[in-house]
Amino acid sequence: MKIVCIGGGPAGLYFGLLMKLQNPANDITVIERNRPYDTFGWGVVFSDATMQNLREADPVSAQTIGDAFNHWDDIDINFKGRSIRSSGHGFIGIGRKKLLNILQARCEEVGVKLVFENFVQDDQSIAREYDADLVIASDGINSQIRTRYADTFHPDIDQRRCRFVWLGTKKVFDAFTFAFVQTEHGWFQAHAYRYEDGMSTFIVETPEETWQAAGIEQMSQEEGIAYCEKLFAPWLDGNALISNASHLRGSAIWIRFPRVICNTWVHWNTLDTARGQRRVPVVLMGDAAHTAHFSIGSGTKLALEDSIELARCLSGAEGSVEAGLKHYEEVRSVEVLKIQNAARNSTEWFENVERYAELEPEQFAYSLLTRSQRISHENLRLRDPAWLEGFERWIAERAGAPTESGQRPAIPMLTPYQARGVRLKNRILVSPMAMYSCTDGVPGDFHLVHLGARAMGGAGLVMVEMTCVSPDGRITPGCPGLWNDDQTQAFARIVNFVHGNSDARIGVQLGHAGRKGSTQLGWQKIDHPLAEGNWPLLSASALPYIEGVSQTPRAMSRADMDDVRDNFISAARRAQEAGFDWLELHCAHGYLLSSFISPLTNHRGDEYGGSLENRLRFPLEVFRAVREVWPEDKPMSVRISASDWVEGGITADDAVEIARYFKAAGADMIDCSSGQVSKEEKPVYGRMFQTPFADRVRNEAGIPTIAVGAIFEADHANGIIASGRADLCALARPHLADASWTLREAARVGYRDVAWPNQYFAGKRQLETNFERAAAMAQLDIK
């Protein structure tokens, strides 16, 4: 093949090298705009795993690169006058210039042609000049080729909100160092690491608004660097910060990171060449195709692994370049998406340091280490077991469960939680899940077994599904209610069973279905009206849930509001009579109170519509009325839809404001769900996909939160609690599949100090032994 790589960065050089090694007859040219051995930037960072990929692809260059690398395992986090070190992370750093020099020399050694000082503006002309079969667009983050074929590649470029400057220093850091400095304008942070003897990279980052307020935009390059030297003097030990971007003037060295995503990576041109008219593919690679934020150090890793995969795909395509390129795009796009998702999490964490500024240094450090979600709680235990155990001990002590000397501390999800006069034995909550199994709103034996089993299964709090405050407030005829004595007595039976046979607490979620009521059971035609016997509906506005299918509700009058409020008061009194420990007000998922909050469902022109403050007026009125009759020593939470997942609906920013209002009204906790308000929603699913809402509400509004949604492993729950992203974790589907999820997960992660019901205790050791055997066999397979 005749191959031209436009751009002599890591992607272009390494691909050219691998294709020449694959077949010496390949004619490969790499064209670079800069002079030989020129490059900008300081050091790059890899993980140990990336180095292994390089050893497999080309042992010769890998050996040279490995000899030049600086290796370290430690991360230092400097925050609020404390320095916290975690080990076992396995980083290697090398100067960017050194890396490129090694690849350039290796390319020349095997016969790859390197052309310097040639700024390619027309890839088609270059393809004709070199009679190319394949053109690689490895021309970097500002790729002109990507721009030229934007209609094919569909690039999505998001300029992130922090400014950063890439500097160097002769201060040698013995760990990957993060340093955080609070100024009158906001937070600045440094990312620093050694990359060669006597030199370190030193990246300074701060939100755009802080950068503006500090006046850096008006400073010269020298003044801006001096400002940073003063901020980070405690870590520089008198060493200067150095720029290698003298060609830039003033504050131009401070840039915003562009996150690049491309829908496709291959474009086909039909060109007249020396061999006649041919279809010649142009393939994006490295930063031209995608970027990953420097805070996870994966940009160069992705570029090199693109090269490895494309070379492998072309080799295995049995002569079909088109098939090879298709496979390359399919395989790499998935792997890149994983890294970009992690990079997005990391980017947003550093953009919002202010959000976590109230955390104590220990928890702040844990939050930083796990920010990308690539490092989980148990993965951190593998990396640095001593540090993690010390942190778990710290978490347990602050939860009021100090650990005796020599005893293993409780894992975070099993630490207790105190809310008013109610103490939960752990942080796991059985989420309220509609069972559609009541008769006339009365729970029977099914609910006794369903809720009782989950209380005995180890959860700290078991929540009853949305329990309706009036007959016309039900979602379906099978939903529970609390509007008469029969229902109260039936619930008291269940509550008494839970209290008498477990150490779990039990709560009830009160709600009114609003416009989503009078529908069929969940396993019938969900959200569709009953075939017969429908009852009239109420909502904030006269808007049906499903246009052309659902009933149109009546827009509530003030008299309707009075009746509904009084029904909630009556139901709350019955909940207390039944003995419930916890009460949650359902203000989510498009039900009645939610319909007032969302602008999608509230089109009112009176004092209950319009602004968010007005839209919250009635839900807050109901909350205050219920809180007044609910016992002072019992907690009350509020479930909200933190995002409607529809343009023009509730957003995460709104959720923080909604939480502040309920906090001021006396709420103890916000249960952060989302969606189900509009059939137009487009949620973005994934593990723990709603936890970012709980994180923002907790750490911006300053109120405890419940995280819910695709939490299904102890690792998830432990990480959420330990990092301070939420205070409780609610699990729904995992508890449908396994009533004893909490007990099973504790055994799976090797934590034994958890109470089992006496009747089931004989099964505890068997379960633990099974998991121990499975872990031992897995280790043998690895070896």
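Sequential numbering from 1 along the given sequence is applied to the chain's residues.
- The residues Glu465 and Arg454 are annotated as not salt-bridged, no charged nitrogen and carboxylate oxygen being separated by less than 4.0 angstrom.
- Counting heavy atoms from C-beta on, the side chains of Asn718 and Arg427 never come closer than 4.5 Å.
- A salt bridge does not link Arg617 to Glu607: none of the charged side-chain nitrogens sits closer than 4.0 Å to a carboxylate oxygen.
- For residues 711-734, every residue pair satisfying the ring-ring contact (aromatic ring centres under 6.0 Å, His included) rule, not counting sequence neighbours, is listed here: Phe712-His716.
- Other residues, nucleotides and ligands contribute only 12 or fewer heavy atoms inside 6.0 Å of the CZ atom of Arg733.
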**Message:** Go through it in stages, so that I can follow the logic: the residues are Asp527 and Lys679, the test is salt bridge (Lys or Arg N to Asp or Glu O under 4.0 Å), and I'd like the CA-CA distance, side-chain angles, deciding distance and then a yes or no.
**Reply:** CA-CA 10 Å; Asp527 291 330; Lys679 283 294 186 182; 3.2 Å; yes

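- In this structure, the separation between CG on Leu429 and CH2 on Trp582 is 7.5 Å, given to the nearest 0.5 Å.
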**Request:** Check the pair His499 / Ile506 against side chain to side chain contact (heavy atoms under 4.5 Å, CB included), numbers first and verdict last.
**Result:** CA-CA 8 Å; His499 288 162; Ile506 183 168; 4.0 Å; yes

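- Within the 6.0 Å centre-distance limit, the rings of His377 and Tyr366 are counted as a close aromatic pair.
- In this structure, Trp349 has its ring center under 6.0 Å from that of Phe364.
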**Stepwise side chain to side chain contact (heavy atoms under 4.5 Å, CB included) check, Met636 with Leu585** = CA-CA 8 Å; Met636 188 170 165; Leu585 187 66; 4.2 Å; yes

**Request:** For ring pair (Phe, Tyr, Trp, His ring centres under 6.0 Å), just list the numbers for Trp187 and Phe79, CA-CA rounded to whole Å, side-chain angles, deciding distance to a tenth of an Å, and then say yes or no.
**Result:** CA-CA 11 Å; Trp187 285 89; Phe79 179 67; 5.5 Å; yes

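- With respect to Asp560 and Arg554, a salt bridge is recorded, a charged nitrogen being found less than 4.0 Å from a carboxylate O.
- In this structure, the side chain of Ser541 does not engage the main chain of Leu543 through any donor-acceptor pair within 3.5 Å.
- Between Gln363 and Ile395 the shortest side-chain heavy-atom distance falls below 4.5 Å.
- Listed here is the closest heavy atom pair of Val708 and Ser431: CG2-OG, 4.0 Å.
- With hydrogens and angles ignored, the 3.5 Å screen pairs a side-chain donor or acceptor of Lys634 with a backbone N or O of Phe580.
- Counting heavy atoms from C-beta outward, Glu392 and Ile411 have side chains that approach closer than 4.5 Å.
- Side chains of Ile650 and Ile658 form a contact here, defined as non-hydrogen atoms less than 4.5 Å apart.
- Counted by atom type alone, Ser346 and Ser295 present one or more donor-acceptor pairs between their side chains at under 3.5 Å.
- Side-chain contact of Ser470 with Asp472: a donor-acceptor pair under 3.5 Å is present, judged by distance alone.
- Judged by distance alone, with hydrogens and angles left aside, the side-chain atoms of Lys80 form a donor-acceptor pair with the main-chain N or O of Ala357 at under 3.5 Å.
- Other residues, nucleotides and ligands contribute over 12 non-hydrogen atoms within 6.0 Å of the CD atom of Gln159.
- For the pair Ile721/Cys729, a side-chain contact is recorded, criterion being any heavy-atom separation below 4.5 Å from C-beta on.
- Summarising the geometry of Phe568 relative to His512, their closest heavy-atom pair is CZ-N, 4.0 Å, with the distance given to 0.1 Å.
- Not one N or O on the side chain of Arg474 forms a donor-acceptor pair closer than 3.5 Å with the backbone of Cys468.
- When atom types are taken as modelled, the side chain of Glu745 and the backbone of Ala714 share a donor-acceptor pair closer than 3.5 angstrom.
- Here Phe178 and Phe350 bring their ring centres to under 6.0 angstrom of each other.
- Here the closest non-hydrogen pair linking Ser643 and Phe693 is CB-CZ, 3.6 Å.
- Thr519 places a side-chain N or O within 3.5 Å of a backbone atom of Ile475 that can act as its donor or acceptor partner.
- Side chains of Ser539 and Ser595: a donor-acceptor N/O pair is present below 3.5 angstrom, by distance only.
- One N or O on the side chain of Thr705 and one on the backbone of Ala694 form a donor-acceptor pair closer than 3.5 Å.
- Across Ala504 and Val498, no two heavy atoms sit closer than the pair O-CG1, 3.9 Å.
- Atom CD of Gln418 is surrounded by more than 12 heavy atoms from other residues, nucleotides or ligands within 6.0 Å.
- Screening residues 576-587 for salt bridge (charged side-chain N to carboxylate O under 4.0 Å, His left out), with sequence neighbours left out, gives Arg505-Asp581, Glu584-Arg639.
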**Derivation of the side chain to side chain contact (heavy atoms under 4.5 Å, CB included) call for His589 and Met466** = CA-CA 11 Å; His589 300 168; Met466 186 175 91; over 6 Å; no

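- Checked against the 6.0 Å centroid threshold, Trp645 and Tyr685 do not count as a close aromatic pair.
- For Glu628, the CD atom sits in a loose shell: 12 or fewer heavy atoms of surrounding residues, nucleotides or ligands are nearer than 6.0 Å.
- Asn567 and Ser570 are not linked by any side-chain donor-acceptor pair at a separation below 3.5 angstrom, with hydrogens and angles left out of the test.
- To the nearest 0.5 Å, atoms CZ (Arg515) and OG1 (Thr601) are separated by 5.5 Å.
- Few gaps surround CD on Glu397; more than 12 heavy atoms of other groups in view lie less than 6.0 Å from it.
- A distance of 11.0 Å separates OG1 in Thr206 from CD in Gln212, rounded to the nearest 0.5 Å.
- Atom CG of residue Asp668 and atom CD1 of residue Ile703 lie 7.5 Å apart, to the nearest 0.5 angstrom.
- Side-chain contact between Phe662 and Pro619 is present, with at least one heavy-atom pair separated by less than 4.5 Å.
- Separating the CG atom in Leu510 from the CZ atom in Arg574 is a distance of 12.0 Å, to the nearest 0.5 Å.
- Under the 3.5 Å distance criterion, the side-chain polar atoms of Asn426 are left unmatched by any main-chain donor or acceptor of Leu414.
- No donor-acceptor distance shorter than 3.5 angstrom exists from the side chain of Asp158 to the backbone of Arg259, with no hydrogens or angles considered.
- Closest approach of Ser372 to Asn345, counting heavy atoms only: O-ND2, 3.2 Å.
- Using a 4.5 Å heavy-atom threshold, the side chains of Thr467 and Gln487 count as separate.
- Between Arg82 and Glu360 there is no salt bridge, since none of the side-chain N atoms of the basic residue sits less than 4.0 Å from a carboxylate O of the acidic one.
- Remark: side-chain polar atoms of Asn699 are paired, donor with acceptor, to backbone N or O of Gly724 under 3.5 angstrom.
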**Item:** Residue pair Phe257, Glu205: steps toward the side chain to side chain contact (heavy atoms under 4.5 Å, CB included) verdict
**Value:** CA-CA 10 Å; Phe257 185 84; Glu205 181 185 23; over 6 Å; no

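- Contact annotation: the side chain of Asn602 never approaches that of Ile597 to less than 4.5 Å [non-hydrogen atoms, C-beta and beyond].
- Taken from CG in Asp654 to CZ in Arg615, the straight-line distance is 6.5 Å, to the nearest 0.5 Å.
- What you find for Thr347 and Arg160 is that their closest heavy atoms are CG2-NE, 3.6 Å.
- In this structure, Glu208 does not pair ionically with Arg161, as no charged nitrogen and carboxylate oxygen lie closer than 4.0 Å.
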